[in-house]
Every structure is written in structure tokens, then in C-alpha cells.
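Single-structure report; data block below.
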Amino acid sequence: MSKEINIEELKSIIEPYVQNKENWDNLTDETDFINDLEINSANLVDIVLDIEDAFEIEIDNESMEQMLTIKSSITVIKDKINNK
Amino acid sequence: MIGNDLVDLELARSLGSDKKERWLEKVFTKGELDLIDRSDNPFLKVWQFWSMKEAAYKRYHREYALAPILNPKQYECITNSKIRIANEEYLTTTKITENYIHSFTSASKVNTVGITLNTITARTKLKMLIAERFLLDLSKLRIDKDSYRIPNLFYKKKRLDLNISLSHDGIYSSYIVNL
């Protein structure tokens with residue numbers, strides 16, 4: 001069964017690490033964490049950990065590789081929730 | 001090919017410590033964690049290894065024109081100056097001060113490295129250096145990143161055949177160029 005993920009919850013996880021507030025205000029699916037939001041690369045790993053906690057999932061290294069945009073993060077989260 | 005990375009230590013100290021162990025496990029291999037555990041200053045070792053990984057990542061992605069990816073574990077620090085990625089080993093050079101850690105790796109021995117406070121960014125400094133060296137009009141020099149986020153220098157919209165790498169963190173930024 002496919003469960004919808006709460007985008008607002010995902011946004012609340014990412015927001016504390018965002019450095020480019022202007023692009024944050026114009027967020028789209030394609031928004032890139034490093035290019036657009038200027039998130040520190042060490043913080044990308046923190047985001048992955050916060051997502052694991054919030055959605056009660058485990059993200060392996062292979063899945064983590066793609067978590068550089070909103071869209072790809074949603075894909076990974078959905079995949080992990082549905083395969084729990 | 002070339003890559004560099006700078007870590008602002010004050011910023012690094014402020015990074016979330018509540019999930020530090022899990023962060024370390026996502027970033028470092030077992031071998032690296034052993035080296036960190038055995039070091040005199042695990043905090044500095046963590047950030048030295050991180051900066052080595054980032055520098056190596058930039059060089060590797062520049063060399064093979066690769067799309068961005070989040071895979072810190074695939075870069076494994078073997079020593080304080082050697083890192084392995086896939087079938088390659090890169091030599092790295094690290095400078096540690098009270099305020100920052102800077103690492104770089106380069107296929108060429110001739111490099112110019114600069115570290116600046118962000119009041120004058122490394123981008124500006126690098127352009128000034130190139131303008132002076134090649135007698136170019138500074139206002140017509142630009143640094144643009146391609147779709148894979150790899151930076152290049154352009155003069156009057158024509159790409160210059162120069163290897164460059166940029167980094168910024170906290171209040172510092174850095175550049176390296178093969179000249």
C-alpha cells in the first residue's frame with residue numbers, strides 16, 4: 001500500500017540547514033540542496049539522518065547517493081516507507 | 001585535475017552533536033573510524049578526512065565529468081595524505097590552523113593555492129590572479145559552473161583551459177589553480 005509522505009514534514013527537516021532563503025521561498029520539486037539552497041555538504045548527511053528519524057526508515061548508502069534534490073529525496077522516502 | 005576543500009572549524013564545532021555517531025557511520029569506513037579513534041585529536045581527524053574526501057570528490061568528478069552524488073564513504077582515506085576512490089589513489093595535502101582545515105589534491109605539481117576571508121571571496125581573488133598573470137581585462141573574466149557544478153574560467157565567454165577548484169565554508173573561502 002502506498003502511503004503519501006508529508007511534504008511539510010520534509011520541508012521542516014531541511015529548513016534549518018538552508019542558506020539561500022530566497023530560493024527556499026521559491027521551492028520546487030527540482031530544487032537542488034547544494035546549488036539552490038546552498039546547504040553545507042556536511043549538513044546533507046544530517047538531513048539524511050533527520051529524515052531517517054522523522055519517517056522511521058533506514059537509508060542505506062546507495063539510496064543516500066541520490067538525495068540531492070527535493071524530488072529524489074521524496075522518491076527515496078516513499079520507496080523506504082513502502083518497503084518497510 | 002584538481003580539487004580542494006575548506007572547513008571552517010568554528011562552524012564544524014557547532015554542527016549537531018546529538019547524532020554524531022550515526023553521522024560518522026554514514027561518512028566514514030571502518031578503517032577510517034579506526035584511524036579517527038586512535039588519533040590524538042579525533043575532532044580534527046574527522047574534519048581533515050572530510051576535507052580530503054571533498055577535495056578528492058571534486059578532482060574525480062572533474063576528471064570524469066560526473067554528475068553530483070552524495071557518496072562520502074566511497075572515498076577512503078588511507079593515511080593523512082592519501083585517499084582511494086575506485087581504482088585510483090590520490091595524494092593530498094592538508095593544512096590545519098586554529099581556524100580552518102584546508103585540503104587539496106592535484107595531478108599537477110604546480111599549483112597556486114589561496115585562502116581568504118569571505119570579505120574578498122576566493123572567486124574574486126582567483127580572477128584577479130588570472131587577469132594579472134595573463135594580462136587580461138578583469139571585468140571580462142567569469143567563473144561559471146557547468147550542469148555538474150564543476151567550475152571553469154571564461155574570458156569573453158570563451159572557456160580558458162585552466163584547472164580550478166573553489167570552496168567556501170563559514171567565513172572562509174579558498175581556491176586552487178594549476179598555472
Side-chain angles (χ1 to χ4, degrees), chain A residues 9-23 27-80 84, chain B residues 3 5-30 43 46-51 53-58 61 66-76 101 118 144-151 166-173:
Chain A
E9 189 168 9
L10 178 59
K11 281 172 69 177
S12 71
I13 289 170
I14 296 164
E15 191 168 16
Y17 304 108
V18 172
Q19 299 198 48
N20 188 321
K21 300 290 180 194
E22 198 182 322
N23 284 340
L27 200 72
T28 70
D29 266 10
E30 305 294 335
T31 296
D32 184 290
F33 293 159
I34 297 176
N35 264 359
D36 303 321
L37 302 180
E38 293 171 25
I39 293 172
N40 180 308
S41 48
N43 284 145
L44 292 178
V45 180
D46 288 305
I47 289 177
V48 172
L49 294 172
D50 291 348
I51 287 173
E52 285 190 333
D53 292 341
F55 296 95
E56 297 177 333
I57 51 176
E58 199 176 312
I59 297 166
D60 52 280
N61 280 305
E62 205 179 316
S63 304
M64 181 170 94
E65 288 185 352
Q66 304 309 323
M67 293 176 68
L68 295 168
T69 64
I70 297 283
K71 190 177 174 181
S72 58
S73 299
I74 291 171
T75 306
V76 169
I77 295 166
K78 277 187 176 166
D79 178 59
K80 296 296 173 194
K84 253 205 304 202
Chain B
D5 188 67
L6 190 132
V7 172
D8 180 333
L9 287 174
E10 196 178 313
L11 198 65
R13 279 187 198 100
S14 72
L15 287 179
S17 56
D18 52 327
K19 47 187 186 296
K20 191 163 156 259
E21 291 304 316
R22 289 168 61 214
W23 190 92
L24 293 172
E25 277 173 22
K26 286 244 186 283
V27 169
F28 297 112
T29 65
K30 203 176 168 302
F43 169 78
V46 161
W47 292 105
Q48 174 176 0
F49 281 180
W50 174 265
S51 69
K53 283 170 187 264
E54 289 273 299
Y57 169 97
K58 288 176 188 173
H61 275 239
L66 301 171
I69 184 171
L70 179 59
N71 61 346
K73 256 190 183 173
Q74 286 186 22
Y75 295 77
E76 183 171 34
I101 295 180
N118 266 343
D144 275 329
K145 288 187 177 179
D146 67 17
S147 59
Y148 288 162
R149 293 209 308 263
I150 295 166
L166 296 160
S167 178
H168 75 92
D169 194 35
I171 61 166
Y172 299 99
S173 64

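Convention: sequence-line order gives letters A, B, ...; per-chain numbering from 1.
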- Message: As an exercise, state the distance from CG of Asp46(A) to NZ of Lys20(B), rounded to the nearest 0.5 Å.
- Response: 12.5 Å

- Message: Less than 4.5 Å apart, side chain to side chain, heavy atoms only: is that true for Pro68(B) and Glu65(A)?
- Response: no

- Message: Report which part of Lys73(B) has an atom under 4.5 Å of a heavy atom belonging to chain A: side chain, backbone, both, or neither.
- Response: side chain

- Beyond-backbone contact of Leu70(B) with Gln66(A), side-chain heavy atoms, under 4.5 angstrom: no

- Query: Distance only, no hydrogens: is a donor on one side chain within 3.5 Å (strictly under) of an acceptor on the other, for Asn40(A) and Asp169(B)?
  - Reply: yes

- Counting only heavy atoms not in His61(B), do more than 12 sit closer than 6.0 Å to its NE2 atom? yes

- Take atom NZ of Lys21(A) as the centre, draw a 6.0 Å sphere, and report whether it contains more than 12 heavy atoms from other residues, nucleotides or ligands. yes

- Message: Main chain of Asn43(A), side chain of Trp23(B): is a donor-acceptor contact present, judged purely on distance under 3.5 Å?
- Response: no

- Item | All side-chain hydrogen bond (donor to acceptor under 3.5 Å, both in side chains) counterparts of Asp146(B), not counting sequence neighbours | none

- Which residues satisfy the side-chain contact (heavy atoms from CB on, under 4.5 Å) test with Glu10(B), sequence neighbours excluded? Asp8(B)

- Task: Supply the atom-to-atom distance Met67(A) CE to Ile69(B) CD1, rounded to the nearest 0.5 angstrom.
- Result: 13.0 Å

- Could you check if a side-chain atom of Ser41(A) sits within less than 4.5 angstrom of a side-chain atom of Tyr57(B), using non-hydrogen atoms only? no

- Message: I need the residue from Asp53(A), Leu49(A), Leu44(A) with the largest number of non-hydrogen atom pairs under 4.5 Å to chain B.
- Response: Leu49(A)

- Task: Can you sort out the partners of Glu62(A) under side-chain contact (heavy atoms from CB on, under 4.5 Å), two or more places apart, ordered by chain and number?
- Result: Asp60(A)

- Message: Please find the pair of heavy atoms, one from Asn61(A) and one from Lys26(B), that lie closest to each other, and give the distance.
- Response: OD1-O, 3.6 Å

- Query: After noting the C-alpha distance and the side-chain angles of Asp50(A) and Lys19(B), does the key distance pass the side chain to side chain contact (heavy atoms under 4.5 Å, CB included) rule?
  - Reply: CA-CA 9 Å; Asp50(A) 291 348; Lys19(B) 47 187 186 296; 3.0 Å; yes

- Task: Output the residues of residues 29-39 of chain A for which the shortest heavy-atom distance to chain B is under 4.5 Å, in residue-number order; output 'none' if no such residue exists.
- Result: Asp32(A), Ile34(A), Asn35(A)

